[in-house]
> 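What follows is a structure written as structure tokens; I'll ask about it next.
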Number of protein chains: 2
Amino acid sequence: MNATAEPRKESVSCPMDFILRMLMGPWTTYILYNLKTHGSQRFGELKRRVSGVSAKMLTERLRTLEGAGLVRRDYEATIPPKVTYSLTERGHELDDVMGRLAEIGMRWEAEDAALRSLRAVELKAAE
Amino acid sequence: MNATAEPRKESVSCPMDFILRMLMGPWTTYILYNLKTHGSQRFGELKRRVSGVSAKMLTERLRTLEGAGLVRRDYEATIPPKVTYSLTERGHELDDVMGRLAEIGMRWEAEDAALRSLRAVELKAAE
DNA sequence: ACCAGTAGGTACCAATTCGTAACTTAGAGG
DNA sequence: CCTCTAAGTTACGAATTGGTACCTACTGGT
């Protein structure tokens, strides 16, 4: 975390920042989640599963993930081309952290929901 | 994600997506890191530490973090107003995960650097 | 002949994002 | 009286982003 005045843009420094920027790109979590739970998949298959994503975005995200070594791309130049994506070893290194994040996220969501309904009850009682 | 009428919002709702979207906002990791390592701080202090951030962004990020319950905002209406920010309990729940992420990020960075220099050496040897 | 599917690439377009600059409030110091 | 400060808020504007539409090449179905 360098202190002094720098055009921060490319003076990366925080390793968390880099990795989070990767994980959090538009559809990234959905893509990684699908690759993790459904295993190796073709482009179209993945696109259908991550419903709503455009081909452009999916391609771009997959290329980025490939560049970071999280995803492997296997290209078969058969006549309808067949491209298969899967998680690499490195991709699987995130399983643990992602699991914890998901767990925390769900817990917070539940806590917040409980708080909200509690407040709703109090409001009703106050009437 | 975005605008156009999505079927997605409530159907899948990856809890990780929510939490990552929070963590990854523009300056968020720097802010959380600073609050964690330097403890409770005033706005200006924080702004100086997270060098490069604009007041607008910092305010917006802090408000979001406050809304998510990760950060506490203590406002003293003294004449030059004094506003102090600190991590909440919930904010500290991320310490562990953030640490792991940072560790993984640094390891990957080191691995990549090693690979690059290895390749550089090979290139030189091939000449 | 025409359409669909496979895995994209490219051009364009609208919306969102983020930075900059100016304004605020009220007291303290000169 | 004038300016400075802290912690913002608001308005404006440029840049980035992500979607849509259209393009490739090839084959199998009707």
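Chain naming here is simple, since letters A, B, ... match the order of the sequence lines and numbering starts at 1 in each.
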> Just to be sure I understand the rule, does Arg73(B) reach a base, reach only the sugar-phosphate, or reach nothing, if contact means heavy atoms closer than 4.0 Å?
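Sugar-phosphate contact only.
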> Hey, are the side chains of Glu45(A) and His38(A) touching, using non-hydrogen atoms and a 4.5 Å cut-off?
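Not touching, per the 4.5 Å side-chain cut-off.
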> If you look only at distance, which donor and acceptor atoms sit under 3.5 Å apart when one is on a side chain in residues 68-79 of chain A and the other is two or more places apart or in another chain?
unit_1   : atom_1 : unit_2   : atom_2 : d
Arg73(A) : NE     : Tyr85(A) : OH     : 3.1
Thr78(A) : OG1    : Pro80(A) : O      : 2.9

> Going 5' to 3' through nucleotides 20-30 of chain C, assign each nucleotide B (protein heavy atom under 4.0 Å from a base atom), S (under 4.0 Å only from sugar-phosphate atoms) or - (no protein heavy atom that close).
B-----SS---
> With sequence neighbours left out, what residues match Met24(B) under side chain to side chain contact (heavy atoms under 4.5 Å, CB included)?
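Residues passing side chain to side chain contact (heavy atoms under 4.5 Å, CB included) with Met24(B): Leu20(A), Arg21(A), Met24(A).
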> Check whether Ser117(B) reaches the backbone of Ala114(B) with its side chain - one donor and one acceptor, N or O, closer than 3.5 Å.
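It does hold such a pair.
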> Which nucleotide, dG9(C), dG8(D), dA7(C), lies nearest any side-chain atom of Val83(A)?
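Looking only at heavy atoms from C-beta outward on Val83(A), the closest nucleotide is dA7(C).
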> Any luck finding a side-chain donor-acceptor pair between Arg61(B) and Thr28(B) under 3.5 Å?
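Thr28(B) and Arg61(B) do have a side-chain donor-acceptor pair below 3.5 Å.
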> Please determine if a side-chain N or O atom of Tyr85(B) lies less than 4.0 Å away from the OP1 or OP2 oxygen of dG8(D).
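Yes, Tyr85(B) has a side-chain N/O under 4.0 Å of OP1/OP2 on dG8(D).
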> Look at the side chain of Pro26(B) and decide which nucleotide, out of dG8(C), dC18(C), dT9(D), has an atom nearest to it.
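The listed nucleotide nearest to Pro26(B)'s side chain is dC18(C).
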> For the pair made of CZ in Arg63(A) and P in dA7(C), what is the distance, rounded to whole Å?
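Taking atom P of dA7(C) as the reference, CZ of Arg63(A) is at 12 Å.
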> When you check the phosphate oxygens OP1 and OP2 of dT17(C), does a side-chain N or O of Trp27(B) lie under 4.0 Å from one of them?
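The answer is no; no side-chain N or O of Trp27(B) sits under 4.0 Å from OP1 or OP2.
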> Checking side chain to side chain donor-acceptor pair (under 3.5 Å) between His92(A) and each of Asp95(A), Thr88(A), Asp96(A), which is the one that passes?
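The option that passes is Asp95(A).
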